[in-house]
Amino acid sequence: MGLLSRQTRARSFNIFNVIFRPAKSIKGEVSVPGDKSISHRAVMLGSIAEGITRIENFAGSDDCNSTITCMQAMGVEIDVDDTNVVVHGVGPNGLEPPTAPLDCGNSGTTMRLLAGILAGQEFESVVTGDESLQSRPMRRIIEPLAQMGVAIDSADGRAPITIRGRPPLTPIHYEMPVSSAQVKSCVLLAGLFADGETSVSEFVSTRDHTERMLAWFGVNVLERSEDARTTISLQGPAKLNARDIVVPGDVSSAAFLLVGAACLPGSTLTLHSVGLNPTRRAIIDLLLGLGSDLKVIDEQNNCNEPSGTIIIGGGLPAPARTVVIRGEKTARLIDEIPILAVLGTQLEHGLEVRDAGELRVKESDRISSVVTNLKSMGAEVTEFDDGFAVKTSKLAGATIDSFGDHRVAMAFAVAVLLAEGESEIVD
Ligand code: S3P
């Protein structure tokens, strides 16, 4: 198997290029890192809970570390020992005013969820981030928070954002104009500091980790479905009781390995304790629907989050027609689209993604990043405003640009295994 072979041209501390050679199969047993979305929430909710929260299998990525440093900057004691994190909760009103802008790095989840918590504080704070995060749309959280009575300013709806909370906040009912778990979570977290019922309605059910974890911490979160939409509500002001959390493996990280294994015929791969939350497992269901040799065993439930072991064998039966991902399916697969683009090159009738305009405002413009790199590898691909169509293609080794986007880098780390010839992934 020809996986990562050597590292070249170190350009700075954490920016480097990697050479890859093609592979015949992926074999083995691994545990993917803890779920990023759940790890962020565990630190934030643990910080405003009463008591100590012990987190196991924390995702030690830069993004989740940004959440830790932001909470520490507001006086929360957080001990980190590898993937074990202990958060000494200060309660809903115990955060201290930060002495400098809170740096969310590259992490949209940190910024958007944290804004909901900051909205409920008596002090003024500023959230900011790296160049990519400063270019991402924040009006989607500024508008509902302003409706809740928060004084919130930004230039042009982008970070840095100044937030002056005025608790108790005004409870609102918010109809989500975009399908976004980060926006939903921001409003619900602000709702913890409101005086009365805050509710959020969504037409497409986005990931529900915030709701599940709030319930785990003792908050009464209600959910009702009517007229094709789901409404989530909670009563403020609310208190959270600290509880330990075991973070399942990140199904969005597993996705890269699952697709790699499925596309390389001799593969057999076992992935332990992967999160199987119904709002996140669409990639598994898609691979099953394509007839891939995949099974889920040892299903469990920890801290309101289901998980299980996935065993996958190589080889994909040819689907009869183009695989089309649109509407709710796109929302459910939003972080998996880059790797699905790679999968599309291996399907007899290719794959088309629509309704994915949100991908243009992720860590990079993911539609353009994916299309550019697929073209460099010789794939036949058409770009649309809201997606792309990729035909079955033979991939050739190429120089790939990550565009500074972790999911693009990982998707193409799989694509280059399927290619003919050596490739280099830059940055
Ligand atoms: C996330 C929600 C999604 C997802 C991101 C993590 C979360 O973003 O793409 O990687 O943890 O809530 P949006 O809410 O912008 O869709």
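Order of listing sets the numbers, starting from 1, for every ligand and every atom in it.
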- Classify the contact between H209 and ligand 1 as side chain, backbone, both or neither, using a heavy-atom distance cut-off of under 4.0 Å. neither
- Below 4.0 angstrom, N of the basic side chain to O of the carboxylate: do D405 and K362 qualify? no
- Message: Is there a polar contact between ligand 1 and Q182, counting only N or O atoms under 3.5 Å apart?
- Response: yes
- Message: Show the atoms of ligand 1 that are less than 4.0 angstrom away from any heavy atom in K362.
- Response: 3 (C), 4 (C), 8 (O), 9 (O), 13 (P), 15 (O), 16 (O)
- Message: Using a strict threshold of under 4.0 Å (side-chain N to carboxylate O), is an ion pair present between D335 and R207?
- Response: yes
- Message: Only heavy atoms of R407, strictly under 4.0 Å: list the atoms of ligand 1 that pass.
- Response: 10 (O)
- Among non-hydrogen protein atoms, atom 10 (O) of ligand 1 lies closest to D335 OD2, 2.9 Å
- Cut-off 3.5 Å, side chains only: do T67 and T110 have a donor facing an acceptor? yes
- Query: Taking non-hydrogen atoms only, is R41 closer than 4.0 angstrom to ligand 1 via side chain, backbone, both or neither?
  - Reply: side chain
- Query: Any side-chain heavy-atom pair from L288 and V296 closer than 4.5 angstrom?
  - Reply: no
- Task: Using a strict cut-off of 4.0 Å, indicate which atoms of ligand 1 neighbour a heavy atom of A181.
- Result: 12 (O), 14 (O)
- Pairs touching residues 280-292 that satisfy side-chain hydrogen bond (donor to acceptor under 3.5 Å, both in side chains), sequence neighbours left out: D35-R280, H209-R280, D250-R280, S252-R280, R281-D285
- Message: Under 4.0 Å from a heavy atom of R112: which atoms of ligand 1 are those, numbered in the order shown and with their elements?
- Response: 15 (O)
- Message: Looking at E363 and R407, is there a salt bridge between them, counting it only when a charged N and a carboxylate O are closer than 4.0 Å?
- Response: no
- Item | Partners passing salt bridge (Lys or Arg N to Asp or Glu O under 4.0 Å) against R166 (at least two apart in sequence or in another chain) | none
- Query: Would you call R360 and E383 a salt bridge, using N to O less than 4.0 angstrom?
  - Reply: yes
- Task: Examine S37 against ligand 1 and note whether any of their N/O atoms are separated by less than 3.5 Å.
- Result: yes
- Is any N or O atom of R207, backbone or side chain, closer than 3.5 Å to an N or O atom of ligand 1? no
- Note on the structure: Atoms of ligand 1 under 4.0 Å from any heavy atom of I334, numbered from 1 in the order shown, are 9 (O)
- Query: Do any N/O atoms on S180 end up under 3.5 angstrom from N/O atoms on ligand 1?
  - Reply: yes
